[in-house]
There are 2 protein chains.
Amino acid sequence: MDNNVIKAALLGLGTVGTGVYKVFQLQAPDMKNKLNADVRIKKILVRNLEKAAKKVADPSVLTNNWQEIIDDPDISIIIEVMGGLKPAGDYIRQALEKGKYVVTANKDLIAEEGDELIALAEENKTDILFEAAVAGGIPVIGPLKHSLAANYINEIVGIVNGTTNFILTKMTQEHMDFTQALKIATDLGYAEADPTADIEGLDAGRKVAILASLAFNSKVTFADVYTEGITQLTPKDIESADEFGYVIKLIGLARWTAEGVEARVHPMLIPKSHPLSTVSDSYNALFIHGDAVGDVMFYGRGAGEMPTASAIMGDVFDIARAIACGGRKTARRATFRKLPVKGIQDSVNRYFLRLSVENKPGAMATIASVLGNNSVSIQQVVQKEAHSDQAEIVVVTDLVRESHLNDALMTFRGMSVIKSAPAMIRVYGKLSEN
Amino acid sequence: MDNNVIKAALLGLGTVGTGVYKVFQLQAPDMKNKLNADVRIKKILVRNLEKAAKKVADPSVLTNNWQEIIDDPDISIIIEVMGGLKPAGDYIRQALEKGKYVVTANKDLIAEEGDELIALAEENKTDILFEAAVAGGIPVIGPLKHSLAANYINEIVGIVNGTTNFILTKMTQEHMDFTQALKIATDLGYAEADPTADIEGLDAGRKVAILASLAFNSKVTFADVYTEGITQLTPKDIESADEFGYVIKLIGLARWTAEGVEARVHPMLIPKSHPLSTVSDSYNALFIHGDAVGDVMFYGRGAGEMPTASAIMGDVFDIARAIACGGRKTARRATFRKLPVKGIQDSVNRYFLRLSVENKPGAMATIASVLGNNSVSIQQVVQKEAHSDQAEIVVVTDLVRESHLNDALMTFRGMSVIKSAPAMIRVYGKLSEN
């Protein structure tokens, strides 16, 4: 056992792959002590051998031929950091079928097919680990599967996309508009050339699907998650929220209610007293509520070369430890509940509404009666004169079913007293506390 | 395997034991699905059978005879929640020697003998888990052993004692003095009848020893930890810190420096911009810095019946999962580094000093020259008139070795210009950033 060397293959040598390669070097002197084994990279799958050669000490580990890896019985751990559904998904399935262990950072794949891949791993008495797929370096999958496993988790609420949090921080602290803030995020490398997945909430939505499945032991896929991005938010929204004591964040929310699971991503007003309101720049944070543990929060870097590599290598070490002590680490499909997933129309929220109305007597009464007729009760309302002929009404509602709110918004649409489409943003609050 | 029932014994049925008992009931319907096994409490060791009988559904599980438990080959997990070194330590050693698994919340014992107990578990091919021994329900031992395992951790800084954090929160937000705040903590049940272990920093010191050992892979025991409590802090200190942009917290700090490990507990000034400054009431929080992951923070309930039970049961579930899939979970002694532990005199800090001086020309110059002569350079200094004949000088120093600061304080002691013993509180800052 003392000379145990475990061989791994790395699929991909982009930003995250390079980070993983670096952590392998950094940890090399400690591995034997920590794991009772050494883990070495035997092969790295890349597209361009020449380009990749500059990034590694020994280019002979590089290959552009997947068969060399999958057919090598000496390789027991596959570390997949290519991203995307194809061919990564095929490679992972083949690896699991051969009983190889898989560690992946691929949130797209896990959000779509995680449940099936875990089942496949279980069948083949192997495991697939994906700590890096959610919130980068922050330990959250591990704690959900282990330290918090004896809880009924009923809510996970968090900031799980660093790009949009950076943009919103700029909009909030430096009063930029969305386009300006996005440009800075792009220039600094926080946003990709095509930022759609981040700014439309798709990336966050995938993480919510993964978290909800694990936390509620019920299958939730990306298709089940309602997503709404931050492109419509204006400096005016942010300023107005600030006046009412809130900060606007792009929130990922997974909630287990009596009527089913809520899984959604959209901007939310967070009370300034809530710790999530202070999570700035590209940081991520997750609040988890369990019946025994109460509230716990995890905070840190949700992306980046080294934080993501930290999470991946934590998983690799777990597998290596199991191999080194002569055992196996076996996946267990744990989506034994079959909870329905609610549509956003059936979710219950408080809402922040900003309406431009004709500046004449009775405007407020009209608004209030439309809301009342649709079972939307008002918690707070403020009217301000905007121009001589126009006033602004800001309403914060009590908890109300979204379909009822939409009925009210629909009614507003046909009314001449309303000068433009109202801005609507949901307000965060625990259901039980409101 | 489908009818697998794993038997556990619970040692102790106080607050935490009762919580564990409750979580067993709460999780009973899910265990088979989560673990592929049921875990049941076969015996509970108590002192007073009659008193305990009121707390359980079936009093036949109760016993006051340890031999009944240790001699029962059917019992594979011992959950120790009695606390204290004796007899808990003896029971745990006997259990490990028989190859039973141990889960414990006993920070006193782990801080003294953790390294030896882990070695004993390893020898006997079993494991001892103690997530609950540090920061109650907050997952931190698990993440250090798993998700963060591929990091060189160089600093852990945190608020790891809820009682003192509650007291300091009262002193800060409601301007109480220590005695008043302690009384409220006692009345609310946050402080024990004898609060010494909390208010003198001993409880926090034990947690620092456990964290440092794990994080640095080097043995650190409670005896190595410098501890200083909060009994000397005055409302004036808190107010004065506030004016300079700081909040005072009782901080547990474990730091890996080139000269050795620092392991200490004492009050510190935390900049208001640091997330730890906002951790209030009885909440705990831990900041961990690793070379790959950067900063991560964990926040939640550091004590209490149910949060502590959550942590214990997470460990029990981990063991049950390993047993159910036919494997074993084996401890690994990982204190392979032999780092020296530095004395507080050799630590390097910034310091906050508050001095009452004679209100006459030259007082400031005298103070400044004593500091300068002892290699203490000043970052910030403010003089205020207190009475007509007395002034107050507040100094924040640059980074300085504690022995140098003490030389300066010693010199002050003999000087007539200084009217009373200066207040000294250390200021938190990362070494690299200062």
Side-chain angles (χ1 to χ4, degrees), chain A residues 19 22-24 26-27 30 33-36 131 136-143 146-152 217 275 278-279 283 285 288 290-301 304 306-307 309-318 321-322 325 327-330 332 334 336-337, chain B residues 19 22-23 26-27 30 33-36 131 136-143 146-152 217 275 278-279 283 285 287-288 290-301 304 306-307 309-318 321-322 325 327-330 332 334 336-337:
Chain A
K22 285 182 192 166
V23 177
F24 262 98
L26 289 166
Q27 289 290 315
D30 272 11
N33 284 316
K34 284 187 178 175
L35 311 172
N36 204 20
E131 179 64 76
I138 309 171
V140 55
I141 304 286
H146 300 284
S147 309
L148 302 176
N151 282 267
Y152 291 91
N217 297 107
T278 64
V279 176
Y283 276 94
I288 298 179
D291 65 333
V293 78
D295 276 326
V296 285
M297 182 172 81
F298 302 85
Y299 165 97
R301 291 269 173 214
M306 296 304 279
S310 162
I312 289 169
M313 290 300 287
D315 284 346
V316 170
F317 275 23
D318 266 2
R321 236 184 249 116
C325 75
R328 286 202 68 81
K329 198 166 160 27
T330 311
R332 175 149 178 80
F336 53 85
R337 273 186 267 276
Chain B
K22 284 182 191 166
V23 177
L26 288 165
Q27 290 290 316
D30 272 10
N33 284 317
K34 285 186 179 175
L35 312 172
N36 205 21
E131 180 64 76
I138 308 172
V140 57
I141 304 286
H146 300 284
S147 308
L148 302 175
N151 281 268
Y152 292 92
N217 297 108
T278 63
V279 175
Y283 276 94
F287 249 79
I288 299 179
D291 66 333
V293 78
D295 277 326
V296 286
M297 182 172 82
F298 301 85
Y299 165 98
R301 290 270 173 215
M306 296 305 277
S310 163
I312 289 168
M313 290 300 286
D315 285 345
V316 170
F317 276 24
D318 267 1
R321 240 186 246 114
C325 74
R328 284 201 69 80
K329 197 165 161 28
T330 311
R332 176 149 178 77
F336 54 86
R337 273 186 266 276

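Convention: sequence-line order gives letters A, B, ...; per-chain numbering from 1.
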Asks: Nearest heavy-atom pair of A/Val293 and B/Gly137: which atoms, and what distance?
Replies: CG2-O, 3.4 Å

Asks: Where on B/Tyr152 is there a heavy atom nearer than 4.5 Å to chain A: the side chain, the backbone, both, or neither?
Replies: both

Asks: State the NE2-OG distance between B/His146 and A/Ser147, to the nearest 0.5 angstrom.
Replies: 8.0 Å

Asks: With rounding to the nearest 0.5 angstrom, report the CG to CG distance, B/Asn151 to A/Asp30.
Replies: 11.5 Å

Asks: Nearest 0.5 Å, please: how far is CG in B/Asn33 from CZ in A/Arg332?
Replies: 7.0 Å

Asks: Contact part of A/Glu131 toward chain B, heavy-atom cut-off under 4.5 Å: side chain, backbone, both or neither?
Replies: side chain

Asks: Quick check on B/Leu35 against chain A: is it the side chain, the backbone, both or neither that has a heavy atom closer than 4.5 Å?
Replies: backbone

Asks: So, for B/Ala150 and A/Gln27, which heavy atoms are closest and what is the spacing to 0.1 Å?
Replies: O-NE2, 3.2 Å

Asks: Working to the nearest 0.5 angstrom, can you tell me the gap between B/Ile138 CD1 and A/Phe298 CZ?
Replies: 9.0 Å

Asks: Considering only heavy atoms and a distance below 4.5 Å, find which of B/Leu148, B/Thr330, B/Ile312, B/Val140 pairs most often with chain A.
Replies: B/Leu148

Asks: Using non-hydrogen atoms only, which part of B/Ala309 is less than 4.5 Å away from chain A: side chain, backbone, both, or neither?
Replies: neither

Asks: Below 4.5 Å, heavy-atom pairs only: which of B/Ala149, B/Gly304, B/Ala334 has the largest tally toward chain A?
Replies: B/Ala149

Asks: Centroid-to-centroid, B/Tyr299 to A/Tyr299, below 6.0 Å?
Replies: no

Asks: Give the member of B/Arg337, B/Lys34, B/Lys22 that has the highest number of heavy-atom pairs under 4.5 Å with chain A.
Replies: B/Lys34

Asks: Counting heavy-atom pairs under 4.5 Å to chain B, which of A/Pro139, A/Gly136, A/Gly294 comes out on top?
Replies: A/Pro139

Asks: Given heavy-atom pairs under 4.5 angstrom as the criterion, report whether the side chain, backbone, both or neither of B/Arg321 touches chain A.
Replies: side chain

Asks: As an exercise: rank A/Ala292, A/Ala322, A/Gly300 by heavy-atom pairs under 4.5 Å with chain B and give me the winner.
Replies: A/Ala292

Asks: Report the option among A/Thr278, A/Val23, A/Asp315, A/Leu26 that has the most heavy-atom pairs separated by less than 4.5 Å from atoms of chain B.
Replies: A/Leu26

Asks: Which is it for A/Asp295 and B/Arg301 under the side chain to side chain contact (heavy atoms under 4.5 Å, CB included) test, yes or no, and what are the steps along the way?
Replies: CA-CA 7 Å; A/Asp295 276 326; B/Arg301 290 270 173 215; over 6 Å; no

